[in-house]
There are 2 protein chains.
Amino acid sequence: MSQGNTGVTPQVVHAQACPVREVLDRVAGKWSVQIIVAAAHGPIRFTELERSIEGISRRMLTLTLRNLERDGLLTRTVHPMVPPKVEYELTSVAYELHATLLSLTDWAERHRVTIAESRAAYDAQHSPELLDA
Amino acid sequence: MSQGNTGVTPQVVHAQACPVREVLDRVAGKWSVQIIVAAAHGPIRFTELERSIEGISRRMLTLTLRNLERDGLLTRTVHPMVPPKVEYELTSVAYELHATLLSLTDWAERHRVTIAESRAAYDAQHSPELLDA
DNA sequence: CTGCATCCTTCTTGATACTG
DNA sequence: CAGTATCAAGAAGGATGCAG
């Protein structure tokens, strides 16, 4: 544990952390998850996503959509009509991810209050610690 | 379903997406998750984290640690000794998150190959589409 | 050992305007 | 409708040096 350490622990941590990183990198953006959620109940069109997500720009919607498509998380179907119609649909892989995301959501909802309190307490103790008297 | 829509769907999507966003915002950084993983097997010191995570800068370690502490995900214990000793330990809330993260890891491991292939296929079709002949 | 302050670079995102 | 292109702003992260 001193310095003859062959480096086992770091490797283990690394081996565990990497897959998580991969997921996170893929889902990290501000919008990926919301797109997955919005598309979870069936095929959805570009404009519908744009209105559903509220706050997303056309640019980011396009970019995020492309990345998700690239990773095989959703399919893009172009319907050859005169007002163009493109539909996006989650793949089974993405549906699995969506299911998994639910445990995250659950965690967030169970602890959001606690976390908010913790944060408030922390801020109260660290910012205005000058006026203790 | 046409235009008399009162806006139910968007709201629902929003209501579901926000908690997820909260989790992600908290875990979003490159390092938060790795710190949680590294601390998952018990109290750990600053320098140990620094060596375990491999690639993290002192600056980011400190910042991320502070944020996690602020959110009540880990505790910081200062041992008053002459070489200072500070230990970080996950809280129960963080342990729950760690457990949840496992399902994400699981998803990543189950599909990492598929995703890599999908990505390769996408790239093959979109980058060099100029040399089709 | 633990950690903060400063500077600098890169990545991400938003705003805006134009096209098939 | 469904994008693409370009520009600019801001946040995240890295490098380095100093301090309790």
Side-chain angles (χ1 to χ4, degrees), chain A residues 1-3 5 17 21 24-35 38-39 43-71 74-89 122 125-127 129-130, chain B residues 2-3 5 17 21 24-35 38-39 43-71 74-89 122 126-127 129-130:
Chain A
M1 215 120 2
S2 43
Q3 42 114 236
N5 194 324
R21 258 287 100 210
L24 264 36
D25 281 343
R26 186 147 23 248
V27 159
K30 278 218 295 251
W31 311 111
S32 301
V33 172
Q34 292 180 60
I35 289 178
I44 187 169
R45 301 180 58 174
F46 187 90
T47 307
E48 304 213 293
L49 282 168
E50 191 175 11
R51 281 183 303 209
S52 292
I53 291 180
E54 191 72 32
I56 194 171
S57 64
R58 208 160 272 180
R59 171 187 152 80
M60 287 317 295
L61 181 55
T62 302
L63 286 179
T64 310
L65 247 18
R66 289 289 174 282
N67 280 325
L68 291 174
E69 187 193 354
R70 187 165 102 106
D71 286 345
L74 54 76
T75 60
R76 177 172 176 271
T77 307
V78 180
H79 301 277
M81 344 180 79
V82 173
K85 177 176 177 180
V86 179
E87 283 188 317
Y88 295 89
E89 185 171 17
Y122 184 97
Q125 190 164 44
H126 290 263
S127 289
E129 70 175 26
L130 317 122
Chain B
S2 43
Q3 44 110 237
N5 193 323
R21 259 286 99 211
L24 263 37
D25 282 343
R26 184 144 26 245
V27 158
K30 277 220 292 255
W31 310 111
S32 301
V33 172
Q34 292 181 61
I35 289 178
I44 187 170
R45 298 181 61 176
F46 187 90
T47 307
E48 304 214 293
L49 282 169
E50 191 175 10
R51 282 182 303 209
S52 293
I53 291 181
E54 191 72 32
I56 194 171
S57 62
R58 207 160 275 180
R59 171 188 150 80
M60 287 317 295
L61 181 54
T62 302
L63 285 179
T64 310
L65 246 18
R66 288 293 171 279
N67 280 325
L68 291 174
E69 188 193 353
R70 187 165 101 106
D71 287 345
L74 53 76
T75 59
R76 177 172 177 270
T77 308
V78 181
H79 301 278
M81 347 179 77
V82 172
K85 176 178 178 180
V86 180
E87 283 188 318
Y88 294 90
E89 184 171 19
Y122 183 96
H126 290 262
S127 290
E129 70 176 25
L130 316 124

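The structure displayed is predicted, hence computed values, not measured ones. Residue numbering restarts at 1 for every chain, and letters A, B, ... go by the order of the sequence lines. Atom set for the values below is all heavy atoms of this structure, side chains included, hydrogens, waters and symmetry mates excluded.
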Can you tell me how far [atom2] of [N] sits from [atom1] of [X], to the nearest Å?
X	N	atom1	atom2	answer
B:Leu24	C:dT12	CG	P	15 Å
B:Leu49	C:dC1	CG	P	14 Å
B:Leu61	C:dG3	CG	C1'	10 Å
A:Met60	C:dT12	CE	C1'	7 Å
B:Glu48	C:dC1	CD	P	11 Å

Quick one: closest heavy-atom pair of [X] and [Y], and the distance?
X	Y	value
B:Leu68	B:Ser32	CD1-O, 4.1 Å
A:Ile44	A:Ala38	CD1-O, 3.9 Å
A:Val86	A:Arg76	CG1-CG, 3.7 Å
A:Ile53	A:Gln34	CG2-OE1, 3.7 Å

Provide a list of protein-nucleic acid N or O atom pairs under 3.5 angstrom, restricted to nucleotides 4-7 of chain C.
| unit_1 | atom_1 | unit_2 | atom_2 | d |
| --- | --- | --- | --- | --- |
| C:dC4 | OP1 | B:Arg66 | NE | 3.3 |
| C:dC4 | OP1 | B:Arg66 | NH2 | 3.3 |
| C:dT6 | O4 | B:Arg59 | NH1 | 3.4 |

Return the [atom1] to [atom2] distance between [X] and [Y], rounded to the nearest 0.5 Å.
X	Y	atom1	atom2	result
A:Glu87	A:Leu49	CD	CG	10.5 Å
A:Ile35	A:Glu50	CD1	CD	11.0 Å
B:Arg66	A:His126	CZ	NE2	8.0 Å
A:Lys30	A:Met60	NZ	CE	8.0 Å
B:Asp25	B:Asn67	CG	CG	11.5 Å

Q. Tell me, which of residues 80-88 of chain B have any heavy atom that sits under 4.0 Å from an atom in DNA chain D?
A.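 Of all residues in residues 80-88 of chain B, the ones placing a heavy atom under 4.0 Å from DNA chain D are B:Pro84.
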
Q) Is there a side-chain contact between A:Tyr122 and B:Asp71 (heavy atoms, below 4.5 Å)? A)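 No, every pair of side-chain atoms sits at 4.5 Å or beyond.
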
Q | Divergence of helical axes at both termini of the helix from C:dC1-D:dG20 to C:dG20-D:dC1 - five pairs an end, 10° steps | A |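 What I find for the helix from C:dC1-D:dG20 to C:dG20-D:dC1 is an axis angle of 50°.
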
Q.
For a side-chain contact (heavy atoms from CB on, under 4.5 Å) check, start with the C-alpha distance between A:Leu65 and A:Phe46, then their side-chain angles and the critical distance, and finish with the verdict.
A. CA-CA 9 Å; A:Leu65 247 18; A:Phe46 187 90; 3.9 Å; yes

Q.
Taking salt bridge (Lys or Arg N to Asp or Glu O under 4.0 Å) as the definition, give me every residue that meets it alongside B:Glu89, ordered by chain and number, with sequence neighbours left out.
A.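 Scan of B:Glu89 (salt bridge (Lys or Arg N to Asp or Glu O under 4.0 Å), adjacent residues dropped) gives none.
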
**Q.** Partners passing salt bridge (Lys or Arg N to Asp or Glu O under 4.0 Å) against A:Glu48 (at least two apart in sequence or in another chain)
**A.**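 If we apply the salt bridge (Lys or Arg N to Asp or Glu O under 4.0 Å) test to A:Glu48, skipping adjacent residues, there are no hits.
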
Q: Would you grab the first and last nucleotide of DNA chain D (5' to 3') that comes under 4.0 Å of any non-hydrogen atom in chain B?
A: D:dG13 to D:dG20

